[in-house]
Amino acid sequence: MEYIDYEAPKTLSEALNLMASKGDRARAIAGGTDILVQLRGGRRSIDVLVDVKEIPELNELSYSPQNGLVLGAAVPCYRIYQDQAVASAYPGLIDAASLIGGIQIQGRASIGGNLCNSAPSGDSIPPVIVLGGICNIAGPNGTRQVPAEDFCTGPGRNVLQDGEILVSVAIPAPVAHSGANYLRFIPRNEMDIAVVGVGTSVVLDDSGQNFVSARIALASVAPTPVLAKDAGDSLAGKPVSEANIQEASEKAMADAKPISDMRGTIRQRTHLVGVFTRRTLNNAIERARGG
Ligand SMILES: Cc1cc2nc3c(=O)[nH]c(=O)nc-3n(C[C@H](O)[C@H](O)[C@H](O)COP(=O)(O)OP(=O)(O)OC[C@H]3O[C@@H](n4cnc5c(N)ncnc54)[C@H](O)[C@@H]3O)c2cc1C
């Protein structure tokens with residue numbers, strides 16, 4: 001590993017100044033579970049790591065039923081699932097936070113880091129997308145907001161410009177009769193990259209028998225995690241039925257653009273998108289009905 005400076009600013013403005021002074025030779029570090037592996041493996045060369053874990057805005061974890069969730073970009077997974085209020089309001093997010101790596105990784109890894117690493121297989125990205133997450137970004141030119149579905153732009157790439165930091169992700173408060181779920185397929189129980197990941201969220205009407213709206217997002221089947229918009233929209237206003245869920249899963253399969261690699265073939269991945277879309281929709285419906 002080459003020599004790298006390490007800075008741990010205590011304020012956002014200090015961090016932004018550091019990032020700005022080094023341009024593309026500076027990288028943020030949150031949990032370090034991606035960046036340290038990449039630096040050690042020689043996949044990145046930089047001059048300075050800017051540790052963002054001591055910045056208050058990036059450590060915020062606040063939830064209210066009125067305003068929803070503000071999830072600081074450096075908050076590690078374990079803090080999310082150990083927070084009772086957050087865990088009961090966002091079980092779909094907890095599905096992902098509690099399966100990233102293993103218990104040791106969850107002690108460090110953040111959802112912000114998962115987003116900024118921008119792997120097509122990033123497990124937390126589909127749930128953040130279907131829950132309507134908005135990325136709050138700060139940089140030398142001020143702040144901006146980007147919907148989570150527009151954040152990743154390619155494998156390992158995203159909308160962040162040199163000098164910008166992801167500060168937090170804002171997730172709206174769950175509405176009545178809503179539910180979400182994330183599941184992934186991996187060939188072993190943990191510590192693997194998703195062959196396919198599917199996150200879904202639904203809002204049902206008061207009777208619990210009809211969809212008001214639905215969102216479906218896919219991981220590991222395109223250069224970025226993707227919102228399968230047509231698939232989700234196809235359920236709006238329709239009765240909750242096997243036929244309608246099947247139709248949405250077929251639309252999601254059509255939205256998937258997987259490649260064949262050592263983890264799975266195009267055929268297997270496309271099939272799995274169908275299976276996991278149906279499964280996560282049924283789980284989300286059960287949660288929306290209070291199950
Ligand atoms: C053993 C092991 C198992 C793993 N298992 C999984 C898994 O099951 N599922 C999965 O999705 N991932 C997995 N990962 C990958 C990794 O743990 C996750 O992507 C994690 O969420 C990254 O978070 P972090 O805080 O550690 O990010 P870091 O490594 O600190 O950062 C990741 C990237 O984001 C940038 N960055 C971080 N924070 C910010 C910020 N606030 N603003 C701008 N840029 C930022 C960094 O510069 C870096 O490029 C695993 C990794 C290991 C080592």
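Ligands are counted one by one from 1 in listed order, and the atoms in each one are counted from 1 as well. Sequential numbering from 1 along the given sequence is applied to the chain's residues. Hydrogens, waters and symmetry mates play no part in the numbers below; they use all other heavy atoms, side chains included.
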When you compare the side chain of Leu235 with that of Asn244, does any pair of heavy atoms fall below 4.5 Å? yes

Check ion pair Asp261-Arg269 (N to O, under 4.0 angstrom): yes

Checking Thr33, Asp34, Asn158 against Asn117 for side chain to side chain donor-acceptor pair (under 3.5 Å), the one that qualifies is Asp34

Any side-chain heavy atom of Ile193 sitting closer than 4.5 Å to one from Ile186?
-> no

- [ ] Using a strict cut-off of less than 4.0 Å between a Lys/Arg side-chain nitrogen and an Asp/Glu carboxylate oxygen, indicate whether Glu149 and Lys229 qualify as a salt bridge.
- [x] no

Ala73 heavy atoms within 4.0 Å reach ligand 1 at atoms 41 (N)

Here the atoms of ligand 1 under 4.0 Å from any heavy atom belonging to Ala30 are 25 (O), 30 (O), 38 (N)

Q) For ligand 1, is there an N or O atom under 3.5 Å from any N or O atom of Asp34? A) yes

One finds that the ligand 1 atoms under 4.0 Å from a non-hydrogen atom of Leu58 are 41 (N)

Ile35-ligand 1 polar pair, N/O distance under 3.5 Å: yes

Ligand 1 to Ile105, heavy atom cutoff 4.0 Å, flagged ligand atoms 1 (C), 2 (C), 17 (O), 52 (C), 53 (C)

### Query
Does any N/O atom on Gln38 come nearer than 3.5 Å to any N/O atom on ligand 1?
no

- Task: Check whether any side-chain N or O of Asn114 sits under 3.5 Å from a backbone N or O of Ala109 as a donor-acceptor pair, and report yes or no.
- Result: no

**Gly112 N/O to ligand 1 N/O under 3.5 Å** = no

* Asked: Using 4.0 Å as the upper bound for N to carboxylate O, is an ion pair formed by Arg27 and Asp51?
  -> no

Ligand 1 atoms nearer than 4.0 angstrom to some heavy atom of Leu99 are 8 (O)

**Lys238 and Glu247: CA distance, side-chain angles, deciding distance, salt bridge (Lys or Arg N to Asp or Glu O under 4.0 Å) verdict** = CA-CA 11 Å; Lys238 291 196 183 148; Glu247 191 190 324; 3.6 Å; yes

When every non-hydrogen atom of Ala138 is compared with those of Leu12, the smallest separation belongs to CB-CD2, 4.2 Å

Closest to atom 23 (O) of ligand 1 by heavy-atom distance, out of Gly31, Gly122, Ala26, Ser110, is Ser110

Ligand 1 to Leu160, heavy atom cutoff 4.0 Å, flagged ligand atoms 43 (C), 44 (N)

Atom 27 (O) of ligand 1: of Gly113, Gly101, Ser121, Ala138, the nearest heavy atom sits on Gly113

Is there a polar contact between ligand 1 and Val52, counting only N or O atoms under 3.5 Å apart?
no

With a 4.5 Å cut-off on side-chain heavy atoms, are Glu14 and Lys10 touching? yes

Counting from 1 in the order shown, the ligand 1 atoms closer than 4.0 Å to a non-hydrogen atom of Ile29 are 30 (O)

Closer than 4.0 angstrom: is that true for some heavy atom of Ala74 and an atom of ligand 1?
no

Taking only non-hydrogen atoms of Arg184 and a 4.0 Å limit, the atoms of ligand 1 in range are 7 (C), 8 (O), 9 (N)

